[in-house]
Amino acid sequence: MRERLLNEEMDSNRERDSEVKPRLACNRALKQIGIQNSSPISFSPDGTRLAFVSGSHAIFLCVKHETENKYVMTEQVLRGHRFTINDLVFHPTDPILVSGGSEGIFIWDLETLTLKKRIDPTVEGAHESAVECLCWLYDGTCLASGSKDMTIKFWDLLEDWNCIETLVSHKAPVLTLAWSKRTNLLASAGRDSSIKIWDTRTLEPSFRPQRKDDQSITCQQTTVLDGHRGDVTILMWSADGITLYSGARDNIIKIWDVVSGKTMREITHHRGDIRSLHLLQRERILVSGSSDGSVATWEVAEHERPTQVDNEVAVSSFLAEQSTEILEEHAKDRIISSLVSHEEGVAGLTVNTRYPVMATASHGNCVRVWSIADLQRHEQAQEFVGHTEAITQVHLLASGNLILSASKDYHVNLYDIATLRRLARLDCSGSVYALAVHPQGTLALCGGTDYPIKAFCIDPAQPELFGKQVASWRGHCGAVHAIAVHPNGQLMVSGGDDFNLRGWGIGPPPGAVGLGGPPTA
């Protein structure tokens, strides 16, 4: 009897304990610092929002500053993805953002900041692998998606995102899509190095009911453009709908006449993959981004075409598969400017069509915003940046508005918490495992695989020293893993892989070179 009563009491206590809710709980971070490697970037059609991806795969929505060419980080964050996001596209007219990646397609409501719909591999008709690229058709009533599963799918927004059709033609993952409203042509390309052109007129909203009654109605492939000697990574139509720009991993930009299926010109300048292409100023200017880290601005030459190139006639002829004329190369494109925008390489580039602003993303963990009012001299207006390796230490400064983070990427970053702007990047010449701050908040003390302990000035009031190394202490013969500073700021203790604890005299900040002394213990 006593044992039974004891068991009942224990069960009752467990039930009561399970109902007790913690007084303090953190379900969502107040701020996030860090950018996804090779983050996709996208401007909203009105130019007031910039979207990119955080290191935790949440989507940041930044709002344009009222007077400056900058974007303000807000509390607008879309959380739902757990793995890599490969593309972001704003809807042409509605408050919708679509993201595609390893988990499929996510459709977000930008008014409520909630997930409206998710098309993952468990959904019938969905892609079987990661979504690599997205593209709108017919004023945003249809979405095209290209995937690592080598297929292209069309999704009907008017029918709750039902899959209209699946195109199976590529022999490798589809990396890029581009659609021309003028000619109803979709261009697709990827790792099989070929560009395929599709007639999409049967996807027009007025035509879609006929598809339900007749399954033989499909998009027809009209031609294949071959010539690149590497994965085709980016496609872009000109306004005429018969000129196509392509960039690939052979470091070449090609300009095609799709009527003849021939290359009009090649642009060779970059020494890495062509990652992005954009036309500006009524297509007189071309901007290209490359994995070599550079962004180049070109003055586009006159296109040389066959003599019968009235556009309407050419398109009709093309769709009837009657044009076979060969083109000759004449004019040359002239480079206006070239800048190294990211040392790690440019992963993506997009241009704001409403404001003179360009955004670039690196193969590292960085997004930068540029003013392009002067095409000969792009000026960096803003930077969102994170670490490229694991973070090992963080330290919140006493002021409460600054944070230090140490990483295996050989750097310590100083951030402004309010703006998420990186104020300083401290080069430690090795993975950083130990981080401490002087009691007066003016010095960051760093140690790691470089063995010496280094002191950097983090006092903005000293601009001549800010972000620079001002002292070092040598003595450890192994990586430093721990640093502590006495509250009086005069003594520092460190320990590391050499099994030793060492005590150091620091001396008063701000400190010039030679601030430290020999070990005192």
Side-chain angles (χ1 to χ4, degrees), residues 92 133 135-139 142 144 146 152 154 167 169-170 174 176-190 193-204 207 218-228 232-248 252-267 274 276-288 298-333 351 353:
C133 52
C135 175
W136 292 109
L137 289 74
Y138 297 105
D139 299 320
C142 178
I152 301 165
F154 299 103
L167 303 179
S169 180
H170 285 282
V174 180
T176 179
L177 298 168
W179 183 71
S180 170
K181 184 176 181 179
R182 173 74 179 273
T183 54
N184 297 287
L185 296 177
L186 177 75
S188 63
S193 303
S194 67
I195 303 169
K196 302 183 187 297
I197 308 297
W198 307 84
D199 179 4
T200 64
R201 287 176 293 179
T202 60
L203 292 174
E204 291 184 13
F207 212 104
T218 60
C219 295
Q220 298 299 311
Q221 182 178 307
T222 58
T223 193
V224 177
L225 308 176
D226 289 320
H228 280 294
V232 179
T233 54
I234 187 67
L235 296 169
M236 177 186 61
W237 287 102
S238 67
D240 61 22
I242 57 174
T243 304
L244 182 70
Y245 292 74
S246 64
I252 296 173
I253 301 169
K254 288 181 177 287
I255 305 176
W256 304 83
D257 176 79
V258 296
V259 176
S260 64
K262 302 298 179 181
T263 304
M264 289 190 286
R265 291 193 308 285
E266 290 185 351
I267 300 176
I274 309 301
S276 299
L277 297 170
H278 280 274
L279 287 168
L280 306 173
Q281 296 186 2
R282 298 183 179 180
E283 304 190 352
R284 295 175 303 199
I285 300 297
L286 172 68
V287 179
S288 59
W298 305 83
E299 184 179 53
V300 180
E302 190 87 18
H303 298 318
E304 298 289 342
R305 300 186 184 278
T307 54
Q308 83 278 9
V309 284
D310 175 80
N311 281 351
E312 299 300 329
V313 174
V315 171
S316 299
S317 175
F318 171 64
L319 294 176
E321 300 183 7
Q322 296 177 359
S323 179
T324 58
E325 187 158 348
I326 299 175
L327 303 183
E328 296 181 0
E329 183 177 329
H330 294 285
K332 298 290 184 181
D333 304 282
V351 175
T353 58

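Counting begins at 1 with the first residue of the sequence.
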Open item on the list: Testing the 3.5 Å rule here: is there a donor-acceptor pair between the side chains of Gln220 and Thr222?
Closed with: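 Checked: Gln220/Thr222 side chains show no N/O donor-acceptor pair below 3.5 Å.
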Pairwise distance [atom1]([X]) to [atom2]([Y]) - rounded to 0.5 angstrom:
X      : Y      : atom1 : atom2 : value
Ile253 : Ile267 : CD1   : CD1   : 5.0 Å
Ser188 : Ile195 : OG    : CD1   : 9.0 Å
Thr200 : Lys181 : OG1   : NZ    : 12.5 Å
Phe154 : Thr202 : CZ    : OG1   : 8.0 Å
Lys196 : Ser169 : NZ    : OG    : 3.5 Å
Cys142 : Trp179 : SG    : CH2   : 9.0 Å

Identify the heavy atoms of [X] and [Y] that sit nearest to each other, and give their distance.
X      : Y      : answer
Gly146 : Leu177 : N-CD1, 3.6 Å
Ala178 : Leu235 : CB-O, 3.7 Å
Leu277 : Ser288 : CD2-CB, 3.7 Å
Gly241 : Ser180 : CA-OG, 3.3 Å
Ser238 : Leu279 : CA-CD1, 4.2 Å

Find out whether [X] and [Y] are in side-chain contact, i.e. whether some heavy atom of one side chain is under 4.5 Å from a heavy atom of the other.
X      : Y      : answer
His170 : Ile152 : yes
Asp139 : Pro92  : no
Val351 : Leu280 : yes
Glu204 : Asn184 : yes
Leu167 : Cys219 : yes
Arg284 : Val300 : no
Leu203 : Leu137 : yes
Ile274 : Ile234 : yes

Open item on the list: Between the side chains of Asp333 and Arg265, is the shortest nitrogen-to-carboxylate-oxygen separation below 4.0 Å, so that they form an ion pair?
Closed with: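 Result for this pair is yes, salt bridge flagged.
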Task: Sole residue of Thr223, Leu225, Thr183 in side-chain contact (heavy atoms from CB on, under 4.5 Å) with Val258 - done: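 Of all the options given, the one that passes is Leu225.
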TODO: Take Ile255 and His303 through the side chain to side chain contact (heavy atoms under 4.5 Å, CB included) test and state the conclusion after the steps.
DONE: CA-CA 9 Å; Ile255 305 176; His303 298 318; 3.8 Å; yes
[X] (side chain) donor-acceptor with [Y] (main chain) under 3.5 angstrom:
X      : Y      : answer
Glu283 : Ala239 : yes
Thr176 : Ala189 : no
Asp226 : His228 : no

Task: Lys254 vs Thr263, side chain to side chain contact (heavy atoms under 4.5 Å, CB included): CA-CA, chis, key distance, verdict - done: CA-CA 7 Å; Lys254 288 181 177 287; Thr263 304; 4.2 Å; yes
Open item on the list: Can you confirm whether or not the ring centre of Tyr245 sits under 6.0 Å from the ring centre of Trp237?
Closed with: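 Aromatic pair excluded; centres sit 6.0 Å or further apart.
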